[in-house]
Amino acid sequence: MRKLDHQKALVLFSGGQDSSIALAWALDRYGRVETVGFDYGQRHSVELEARSKVRTALAHAFPDWADKLGGDTLIDAKALRDLGETAMTHETEIVIAENDLPTTFVPGRNLFFLTLAGALAYRSNIGELVAGMCEADFSGYPDCRESALDAQTEALRLGTDSDLALQTPLMHITKAESWRLAEKLGGEKLVALINEHSHTCYKGVRDERHDWGYGCGECPACELRARGWAEYAAGT
């Protein structure tokens with residue numbers, strides 16, 4: 001079995017709230033941290049633009065982390081869009097479908113992302129994958145569940161004959177608790193930075209500012225973020 005370097009981490013980084021907090025968590029923990037993102041034909045480019053803004057802001061605000069922050073890779077994963085319509089890749093209404101899953105669910109997305117990230121980590125001798133998936137406070141996506149991610153990680157280990165590991169620091173905490181984690185990692189400065197620069201809104205709205213950040217305020221992602229921020233601000 002190939003032994004990878006577990007002082008190095010590769011963060012699956014979308015530019016959203018959860019992956020931004022996961023990136024800060026990794027920078028606080030590992031000696032070298034790289035990021036990987038995926039262009040899967042999203043219906044808007046705002047999320048991809050947020051990635052560079054968060055990385056730049058983190059490096060400027062936290063010099064110690066800047067020394068650890070390595071390169072960023074953006075992978076073309078548009079095959080996911082070509083497989084069929086979802087509300088994340090097409091101008092489709094965001095509703096709960098007949099299968100009780102939201103139309104924003106992109107089948108296989110997180111599993112595909114893990115496979116691509118695992119291949120990149122193996123080539124780069126990186127032992128730790130870090131991702132912001134959350135089971136306790138999510139939008140109904142089965143590929144955010146710990147059991148699904150554990151199974152995919154085990155498949156990667158077997159398929160590469162390596163000791164690749166996956167860390168999901170937000171898996172069992174709520175959105176409010178994730179803001180508290182950000183505060184613990186980098187104080188109010190980090191909370192304000194992620195609030196301002198990360199992007200979560202499914203509709204890509206960036207011209208409406210709320211106390212919890214930017215977004216339409218109506219889609220499920222905005223509702224989760226707004227609720228979590230309110231609970232965090234209230235100390236509940």
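What you see below is based on every heavy atom in this structure, not just the backbone, and it leaves out hydrogens, waters and symmetry mates. We number each residue from 1, following the sequence as shown.
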Q) Hey, does Leu116 have a side-chain heavy atom less than 4.5 Å from the side chain of Phe38? A) yes
Q: Please confirm whether Arg51 makes a cation-pi placement over Phe13, using NZ or CZ under 6.0 Å from the six-membered ring centre and within 45° of the ring normal.
A: no
(Q) Can you give me the closest heavy-atom contact between Leu193 and Ala61, atom names plus distance? (A) CD1-CB, 3.9 Å
Q) Roughly how far, to the nearest 0.5 Å, is the CZ atom of Arg206 from the OG atom of Ser45? A) 11.5 Å
**Q.** Within-4.5 Å side-chain heavy-atom neighbours: Lys203 and Glu218
**A.** yes
**Q.** Side-chain heavy atoms of Gln17 within contact of Asn195, under 4.5 Å
**A.** no
**Q.** Reported OH-to-CD distance for the pair Tyr202 and Glu47, which is rounded to 0.5 angstrom
**A.** 10.0 Å
Q: Measure across Ser178 and Ile21 and return the closest heavy-atom pair with its distance rounded to 0.1 Å.
A: O-CD1, 3.4 Å
Q: Apply the test side chain to side chain contact (heavy atoms under 4.5 Å, CB included) to residues Thr73 and Leu120: give CA-CA distance (whole Å), side-chain angles for both, the deciding distance (0.1 Å), then the verdict.
A: CA-CA 9 Å; Thr73 301; Leu120 177 60; 3.9 Å; yes
Q.
Using a 3.5 Å distance criterion without hydrogens, assess whether the side chain of Thr200 forms a donor-acceptor pair with backbone atoms of Ala221.
A. no
Q: Check Cys222 against Cys201 and note the closest heavy-atom contact, atom names and distance.
A: SG-CB, 3.6 Å
Q. So Leu190 and Leu58, side chain to side chain contact (heavy atoms under 4.5 Å, CB included) or not? Walk me through it.
A. CA-CA 8 Å; Leu190 180 60; Leu58 281 173; 3.5 Å; yes
Q: Return the minimal non-hydrogen interatomic distance between Val54 and Ser20, and the atom names on each side.
A: CG1-OG, 3.7 Å
Q) Rounded to the nearest 0.5 Å, how far apart are CD of Glu146 and SG of Cys134? A) 11.0 Å
Q | Cluster check Leu27, Leu185: I/L/V/M/F/W/Y, side chain < 4.5 angstrom | A | yes
Q: Write down the atom of Val11, the atom of Ala22, and the distance for their closest heavy-atom approach.
A: CG1-C, 4.5 Å
Q. With distance as the sole test, does Ser52 use its side chain to make a donor-acceptor pair with the main-chain N or O of Glu49 at under 3.5 Å?
A. yes
Q. In this structure, which one of Arg225, Lys184, Glu231 forms a side-chain contact (heavy atoms from CB on, under 4.5 Å) with Trp179?
A. Arg225
Q. Side-chain donor-acceptor pair under 3.5 Å between Thr115 and Gln152, yes or no?
A. yes
Q: Without swapping roles, check the side chain of Lys3 against the backbone of Ser162 for a donor-acceptor pair under 3.5 Å.
A: no
Q: Flag yes if Leu166 and Leu164 sit in one hydrophobic cluster, no otherwise; membership is Ile, Leu, Val, Met, Phe, Trp, Tyr, and two members link when side-chain heavy atoms are under 4.5 Å apart.
A: yes
Q. Less than 4.5 Å apart, any side-chain heavy atom of Glu183 and any of Tyr232?
A. yes
**Q.** Asn110 vs Met133 side-chain heavy atoms within contact, under 4.5 Å
**A.** yes
Q) Taking C-beta and beyond as the side chain, do Asp211 and Trp229 meet within less than 4.5 Å on heavy atoms? A) yes
Q: Indicate yes or no for a side-chain donor-acceptor contact from Glu135 to the backbone of Met171 under 3.5 Å, with no hydrogens or angles considered.
A: no
Q. Once you round to the nearest 0.5 Å, how far does CG of Leu69 lie from OH of Tyr30?
A. 15.0 Å
(Q) Taking Ile75's backbone N and O only, do any of them form a donor-acceptor pair with Asp39's side chain (distance below 3.5 Å, no angle check)? (A) no
Q: For residues Ala148 and Leu111, report the shortest heavy-atom separation together with the two atoms involved.
A: O-CD2, 4.2 Å
Q.
If we ignore hydrogens and angles and just use 3.5 Å, is the side chain of His6 paired with the main-chain N or O of Lys8 as donor and acceptor?
A. no
Q | Stepwise salt bridge (charged side-chain N to carboxylate O under 4.0 Å, His left out) check, Glu196 with Arg209 | A | CA-CA 9 Å; Glu196 174 64 25; Arg209 184 66 162 92; 3.0 Å; yes
(Q) Before you tell me yes or no, could you show the steps for Lys175 and Asp18 under salt bridge (charged side-chain N to carboxylate O under 4.0 Å, His left out), namely the whole-Å CA-CA distance, both residues' side-chain angles and the distance that decides it to 0.1 Å? (A) CA-CA 8 Å; Lys175 284 289 187 288; Asp18 293 340; 3.2 Å; yes
Q | Lys68 to Phe62, cation-pi by 6.0 Å centre distance and 45° axis angle | A | no
Q) Under 4.5 Å between any side-chain heavy atoms of Leu74 and Leu48, yes or no? A) yes
Q | Main-chain N/O of Glu177 paired to Thr174 side chain as donor or acceptor, under 3.5 Å | A | yes
Q. In terms of heavy-atom contacts, does NE2 of His210 have more than 12 from other residues, nucleotides or ligands at under 6.0 Å?
A. yes
Q: Please check if the side chain of Glu223 supplies one atom and the backbone of Pro220 the other of a donor-acceptor pair under 3.5 Å.
A: no
Q) Would Thr35 and Arg55 count as having a side-chain donor-acceptor pair, cut-off 3.5 Å? A) yes
Q) To the nearest 0.5 Å, what is the distance between CG (Leu156) and CG (Asp161)? A) 12.5 Å
Q.
Are the side chains of Leu4 and Ile126 in contact, using a 4.5 Å heavy-atom criterion?
A. no
Q: Supply the atom-to-atom distance Trp25 CH2 to Leu181 CG, rounded to the nearest 0.5 angstrom.
A: 9.0 Å
